Structures are given as C-alpha cells and as structure tokens.
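Side-chain atoms are counted along with the backbone in the values below, which use heavy atoms only and exclude waters and symmetry mates. Just so it is clear, the model here is predicted, and its values are computed rather than measured.
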Amino acid sequence: MVHLLLINGPNLNRLGKREPQIYGSQTLHDLEEELTRFAAQYEIELTCYQSNYEGDIIEQIHEAEGKFDGIVLNAGAFTHYSYAIRDAVASVNVPVVEVHISNIHAREPFRHQSVIAPVTIGQIVGLGVTGYKLALLALLEKVGGGEGVWKN
C-alpha cells in the first residue's frame, strides 16, 4: 500500500469560513474525509496534517523521508516566499506535488510566484478539491503503484 502525506499550510484550517467565493464552503475536516475516502479507493493510505507554522511544516517534510512515499503540499501563503519550505522539499528524497485550491496565477500579483514549484514534481492550481485528487493519483503513478489509474 502506498502511504502519502497531505500537508495543508496556514489558514487552510479556515476553509469553509475564509473567502468561500474563492475557497468554497467545504471545511478542512470535510476535505480530509473526502480525500481519505478517495485515496482508499486506490489503496492509498493518506495521513493529513495542517499547521499555520512554517517550522512545523518543515519538520513534517523532513520526517516524511522513510515514512511516506510522497507528499501533497498546499503551503498556502508560504508558497510565495518560504525559501525554508522550498529547501526542506529539496532536501528530502520524497516526491512532492504542490496544490492550490484557487488559481494562484489569476489572483493578486504577489501570488503568481511559487518558490516551491521548482523543487516539486508538479503543481496543480485552480481545480478546487479535484486538484488534491489529481495530486494523489499523480503520486500513485510516480511511486509505481498506479499503472493505469488515469483510465478509471
């Protein structure tokens, strides 16, 4: 069984309350439950983590090596300026897919740049919860357990 880590960064604990016109009305708990059920259909064990603190996210990334087969990362606002998270991603031998619920490239100019994207295997933006699902499937395929997942 493939074991993946989902890391959600700052303010994602406010899903369902924070700017629902951008992020939707689903809570973080609802999102994690939906993704856990989705992952189970593909025999993926999903561990979910959220923090508003940069150092905690870095620790999770470091500790993922040897424990997880891949990471889905929504670093929130840290995406745009956290070289520390970028360096943590670059320092581990664990594939990472960067995900954003909204299209960061169509929002305020400061959101257009991701310092994390260059050290990930891919970036998915603007597809809401579907982006997380696509990231799970991409990681499943990447780590060798998901041949043909795109045919389902």
CA sep, side-chain torsions, deciding dist, call: Q50, E32, side chain to side chain donor-acceptor pair (under 3.5 Å)
CA-CA 10 Å; Q50 187 278 327; E32 291 174 345; over 6 Å; no
With a 4.5 Å heavy-atom cut-off, do V97 and Q123 have their side chains touching?
no
Starting at CG of N11, measure out to CG of L28 and round the result to the nearest 0.5 Å.
11.5 Å
Quick one: does any side-chain atom of H80 pair with a main-chain N or O of Q113 as donor and acceptor, under 3.5 Å?
yes
So do the side chains of Y132 and N74 get within less than 4.5 Å of each other, counting heavy atoms only?
yes
Enter the distance from S114:OG to H100:NE2 here, rounded to the nearest 0.5 Å.
5.5 Å
Side-chain hydrophobic cluster, 4.5 Å single linkage: members besides I58
L5, I7, Y49, I57, I61, F68, I71, L73, F78, Y81, Y83, I85, V89, V92, V94, V96, V115, I116, V119
Evaluate the side chain to side chain contact (heavy atoms under 4.5 Å, CB included) criterion for residues V99 and L127: first the C-alpha distance (whole Å), next the side-chain angles of each, then the deciding distance (0.1 Å), finally the verdict.
CA-CA 9 Å; V99 173; L127 301 177; over 6 Å; no
Min side-chain heavy-atom separation I101-L15 under 4.5 Å
yes
State whether the number of non-hydrogen atoms from other residues, nucleotides or ligands found under 6.0 Å of H105 atom NE2 is greater than 12.
yes
How far apart are the C-alpha atoms of H3 and T47, what are their side-chain angles, what is the distance that settles it, and do they pass the side chain to side chain donor-acceptor pair (under 3.5 Å) test?
CA-CA 8 Å; H3 193 183; T47 298; 2.7 Å; yes
Look at the side chain of N13 and the backbone N and O of N52, then say whether any donor-acceptor pair between them is shorter than 3.5 Å.
no
Test side chain to side chain contact (heavy atoms under 4.5 Å, CB included) on C48 and T36; report intermediate values, then the result.
CA-CA 8 Å; C48 300; T36 299; 4.1 Å; yes
In terms of hydrophobic clusters joined by side-chain contacts under 4.5 Å, are L137 and I121 together?
yes
Which of I124, T120, V125 passes side-chain contact (heavy atoms from CB on, under 4.5 Å) with E98? Answer is T120
Which distance, rounded to the nearest 0.5 Å, do you find between the CG of L6 and the CG of L31?
6.5 Å
Could you state the interatomic distance from NZ (K133) to OH (Y42), rounded to the nearest 0.5 Å?
9.5 Å
Closer than 3.5 angstrom, by distance alone: can the side chain of S82 be matched with the main-chain N or O of T79 as a donor-acceptor pair?
no
Do D69 and I44 have side-chain heavy atoms sitting under 4.5 Å apart?
no
Looking only at heavy atoms, which two atoms of E43 and M1 are closest? And how far apart?
O-CG, 3.0 Å
Side chains of Q60 and S51: do they bring a donor and an acceptor to under 3.5 Å?
no
Nearest heavy-atom approach of L4 to V2 is CD2-CG1, 3.7 Å
Which pair of heavy atoms, one from A77 and one from P10, lies closest together, and at what distance?
N-CG, 4.2 Å
Minimum side-chain heavy-atom gap V72-L139 below 4.5 Å
yes
